[in-house]
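Input: a single structure, listed below in structure tokens.
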Amino acid sequence: MGDQKSFREFKQYDHTFFEKEILAFWEEKNIFQKSITEKDPNKPFVFFEGPPSANGMPGIHHVMGRTIKDIFCRYKTLKGYQVKRKAGWDTHGLPIELNVEKELGITKEDIGKKISVEDYNAACRKAVMKYTDVWNDITKRIGYWVDMDHPYITYENKYMESVWWLLKNLYHQKLLYKGYTIQPYSPKAGTGLSSHELNQPGTYQDVKDTTVVAQFLAKPNDILPDNTYFLAWTTTPWTLPSNTALTVGPKIPYVLVKTYNQYTHLPVNLILAKPLVAKQFTGKYEAVEKEEELQYSEGDKKIPYWVGQEFLGQDLVGISYEQLLPYTLPYENSDQAFRVIPGDFVTTEDGTGIVHTAPTFGADDAKVAKDAGVPPMLVLDENGHPVPLVDLQGRFRPEMKELAGKYVKNEYYADGDAPERSVDVEIAIQLKEDNKAFKVEKYEHNYPHCWRTDKPILYYPLDSWFIKVTERKERMVELNNTINWKPKATGTGRFGNWLSNANDWNLSRSRYWGIPIPIWRTEDGKEELCIGSVEELKNACDAAVAAGFMKQNPLADFVIGDMSEANYQSFDLHKNYVDEIVLVSPNGQPMKRESDLIDVWFDSGSMPYAQWHYPFENKDKIDGHQDFPADFIAEGVDQTRGWFYTLHAIATMCFDSIAYKNIISNGLVLDKNGNKMSKRLGNGVDPFETIDQYGSDATRWYMISNAQPWDNLKFDVEGIEETRRKLFGTLANTYSFFALYANIDGVAAQPSERIPVNERPEIDQWVISLLNTLVKEVDEYYADYEPTKAARAIQDFISDNLSNWYVRLCRRRFWKGDYSKDKLAAYQTLQECLEKAAILMSPIAPFYSDFLYRNLKMDMEQSVHLADYPSVDHSVIDKDLEYRMDKAQKISSMVLSLRKRESIKVRQPLQKILLPILDDQFEEQIEQVKSLILAEVNVKEIEYLKDTSGIVKKSIKPDFKVLGKKLGPKMKDLAKAVNGFGQKEIETLEQKGSIVVSLGDENYELQLEETEIRSEDIEGWMVASQDGITVALDVNITDDLQFEGNAREIVNRIQKERKDRGFEVTDRIVINFEATDLINATIHSYKDYIATEVLANKINVVPSHDLNGDAFELEINDDKIKLSIQKA
RNA sequence: UGUGAUAUAGCUUAACGGUGAAAGCAUUUGCCUUAUACGCAAAUAGAUGAAGGUUCAAGUCCUUCUAUCACAACCA
């Protein structure tokens, strides 16, 4: 020891201590930067970071996601790749805007009035970075390595310019178009809503609406009798004035029902789907058998109905009907309206099987109507533009006469202003009076509400820009098939199906804080210009200034070609600036920007290119495939139709390429009961608290080892605690053990002489063999993106094999005797195992692994994260050795179990184990590990039972795998026959090597190799059996054994006393004692043994009164001994 | 409603289509064995969600159903 450097020793596993030390170390020595710069730039591993929105607090699921990303980036670094990881921030979008509005206490209408767009956007820009510090903090605390110093930020001009370039690329490919579609719309918020907003928790609410089954009178035709009405159900009667068609299922059977209207009592003929007759004709209605029985007059309690002729939906297609509520007509093709048309979406689940179709207020409606050439109910407004019958505030237009100006839903009125009768009710009453309502009733159903205003949404036709994704659908599917999805099913199933059914991508958002659509149009829409760069815009502005549309060029200060930050800060591409810009068309007309912003999902899908300001800078990163496509990305499975999709879509359409080669879509983090975490339930887990309490490594390890990343994780802190105890606690203890004795013996971190593995004891060879197997397996698991399997393999090795077998069996080698070759071998073996384990686990547990590694290396400059992944030494992998050690473990475990059954403690030596031997090879194997077993279970010898007839009972089982293929259907007979074998047949088979078995009409010669024979019981002995091995234990305790047991007991007690008194493990002592005759005899026989074990120089018998004051009494197996110990 | 996933001991998870379903936690019991009681050992425990089918053989493949979850959603 002396001056020599020693291993650091620790009392316990204390994550706060080493995490702090390691974080400081990483920072001080720039370990993260080094892990990139020290690698070969020509061997890149490309990773894309999905940008989190800094708008909300990080949750525990972010720890999960980031751990997964971190693991593979760190692993690839160990494997010598250069892994750049640029962080990113998603900074645009509605959630941010709504937060700001809430903070400022304004609504959308106030923007541009109470607050300028400029100030509003400034507030958004500020708000979005509100949680940056918290995010940076959690990133650091969980040890996620990502370059937070140079992130891409979606609101920066360079980023936005790249996005414009991509859009223009699509525009040139003629993939951008403007269309009129039905979208969810919130009248009170004044904006269309994205589907993601519609799926916020709590948006779908149960509401009671007035529903109407309306009667649409068929015009005279060849199929139906006069006075026939089509029945159609609606939960939104306010859309009935906009009805222009009725949709039927072509294959659905319909029937003609003769009956009377319950409100007007007039006779009517009704058409509805056959399966729904019983559902509609309830209450007062009563079926009759014959047409003649249709007798009814007002006041009768029952209304008779009679089911007549049957039709198929396709027979009804084309029949015209009278407009139900003729306020007005569609402004074009009104002659094509009011017909029965076919639609596949029609079901007979509820309603009437005939769907009221209002193309201005339903997406399905719009589609079937368009297919059938039926016009939507659009009228021309004051400016000659076609508009629906409801305005953008949700009120009826003037065409609606007495209903004009009324909101279509009472919820849209301010508190207290709502009329008693909603328009739904008014329309229902009117229909009843006009013999146009078959049934009016309240109906409770699920309807989406605006998550901000909490008012029901409207489906409303809006002008939008679309990307023609449908045109590239096939290519997207093709390219997707080349991507390695983890799990596979998400790629082929959820994502694949989604791709093959992809709709055109609605880009438009009528908001303020986002990337403006870079398209300028003339008033008549005949001329338009798509801008793809700041340079283009500046030049276009120059032309516009020359044409006199603008006084000056807002981009005057921008220097074309100068990529400096300063130059890019001389302007702003956000809405408030670019909306001021009026350009000039080729024909000299003024052009204004299309006022919408693009969907924020386009922002994030653009990140592979926009993060590098492609193609204005870093052209080669993309075109030269240096940083594109990604080798690896990972996000939550909820991004399947989000980021995963937008990345894929943009890469396919703009670059005809995949965007990522390997992808992990990880599952959700649920609470311990399997419920989704939510603020509402208050079952969310604060990641900071968790990490403070349990540490990052334990948290990360728990998450990865407990469930596959793509399965949902039921997050339970008890599991982290278990990981901390079982894995990290054990590992720390193993290291402490190593450090304690290595320091005593002056072991060096870098041994001068390395003992060849084949010269080390068997147990060393065994653990080194396992270690190399582990290195190989873990490498394969990581490479295959299977972190859970890697974690479990490492964990098993450390806690079961290294700690609980190797170290336990080898303890004595570390503290006994001189610094011999055997001792050195033990140190070197343990040291190597710990060091390599540290490297293997470092991707998952970056803190403790580094701490362990540096302590083992005794070098505070080194980091495990700069190490190379260990190479496998195949020459030291010995499967036979691993096999026989496994048997040794099993046999030991069985003997311990027998001891337990007989209540004989391990400290009491026993004479022998009986072990039946079924073949010579087995004996050879056991013989090699015999000493380990005997030491472990404290038994003197193993007696092999070879000539087993009559003593050992055996069982036999056919080898199904081999025989099944051979025999096929006869297998069952054979199994039956073999199961019926007695000891005699088994013996015959063993001796002759084969036996003839009769299988009904033929015989089969069963070979010994085609069976498995196991020992099951030993006659006259208490046995334990497991996996075909049976052991018996001789539990007879002779006097000698008793003495030895007592001696060990004494040693054990004295050791404890030493420990209690705080003696050093090297202190030598003197023992004085007085005891019973039996104990005296024991000590007499085992004096040397005891002295060596407890490091006693002398053991003296002394009379009781001569013992020191600190003497103490022990009970050894019912006998008493009084003794004192003191340092020599 | 559609798409996809999941369902194995009280809990969390294992198990190339080969037949006695394996661990850890929890529980019970015993052990302070000179690394570790935040530890060790042992014991107890399950007809693999239900019903069919394919097969000589099914926890594993197929069908239907049930439950849970996610995602997509305009049941008029």
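A quick note: this is a predicted structure, and the numbers were derived from the prediction, not measured. In what follows, chains are A, B, ... by sequence order, proteins preceding strands, each numbered from 1.
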Output one line per pair: protein atom, nucleotide atom from nucleotides 63-70 of chain B, and distance, for all N/O pairs under 3.5 Å.
unit_1 : atom_1 : unit_2   : atom_2 : d
B/C69  : O2'    : A/Asn712 : ND2    : 3.4
B/A70  : N3     : A/Arg494 : NH2    : 3.1

> Between atom CD in A/Gln889 and atom P in B/C40, what is the gap in whole Å?
Replying inline: 14 Å
> Quick one: are the ring centres of A/Tyr460 and A/Tyr185 less than 6.0 Å apart?
Replying inline: yes
>> Within the supplied structure, the quantity of interest is the number of heavy atoms (other residues, nucleotides, ligands) at a distance under 6.0 Å from A/Glu780 CD; does it exceed 12?
In response: yes
>> Whole angstroms only, please: what is the NZ-P distance between A/Lys714 and B/C25?
In response: 20 Å
> When you match A/Trp710 and A/Ser897 each to their closest nucleotide on RNA chain B, which lands nearer the 5' end?
Replying inline: A/Trp710
Which protein N or O atoms sit under 3.5 Å from an N or O of nucleotides 54-62 of chain B?
unit_1 : atom_1 : unit_2   : atom_2 : d
B/C56  : O4'    : A/Gly968 : O      : 3.3
B/C56  : O4'    : A/Pro969 : N      : 3.4
B/C56  : N1     : A/Gly968 : O      : 3.4
B/A57  : OP1    : A/Lys972 : NZ     : 3.4

> Nearest to the side chain of A/Arg907, which nucleotide is it out of B/G24, B/A72, B/C31?
Replying inline: B/C31
> Side chain of A/Ala489: nearest nucleotide among B/G4, B/G20, B/A35?
Replying inline: B/G4
> Taking atom types as they are modelled, is there a donor-acceptor pair under 3.5 Å from the base of B/U3 to the side chain of A/Asn497?
Replying inline: no
>> Tell me the interatomic distance from A/Asn804, atom CG, to B/A23, atom P, rounded to whole angstroms.
In response: 16 Å
>> Nearest heavy atom decides the nucleotide; on that basis, is A/Ser803 or A/Leu713 closer to the 5' end of RNA chain B?
In response: A/Leu713
> With respect to the side chain of A/Ser955, which nucleotide from B/A35, B/U13, B/G20 is positioned closest?
Replying inline: B/G20
>> Base of B/U33, side chain of A/Lys905 - is there a donor-acceptor contact under 3.5 Å?
In response: no
>> Expressed as a whole number of angstroms, how long is the span from A/Leu809:CG to B/U33:P?
In response: 18 Å
> What is the distance, rounded to the nearest whole Å, between atom CG of A/Leu240 and atom C1' of B/A76?
Replying inline: 11 Å
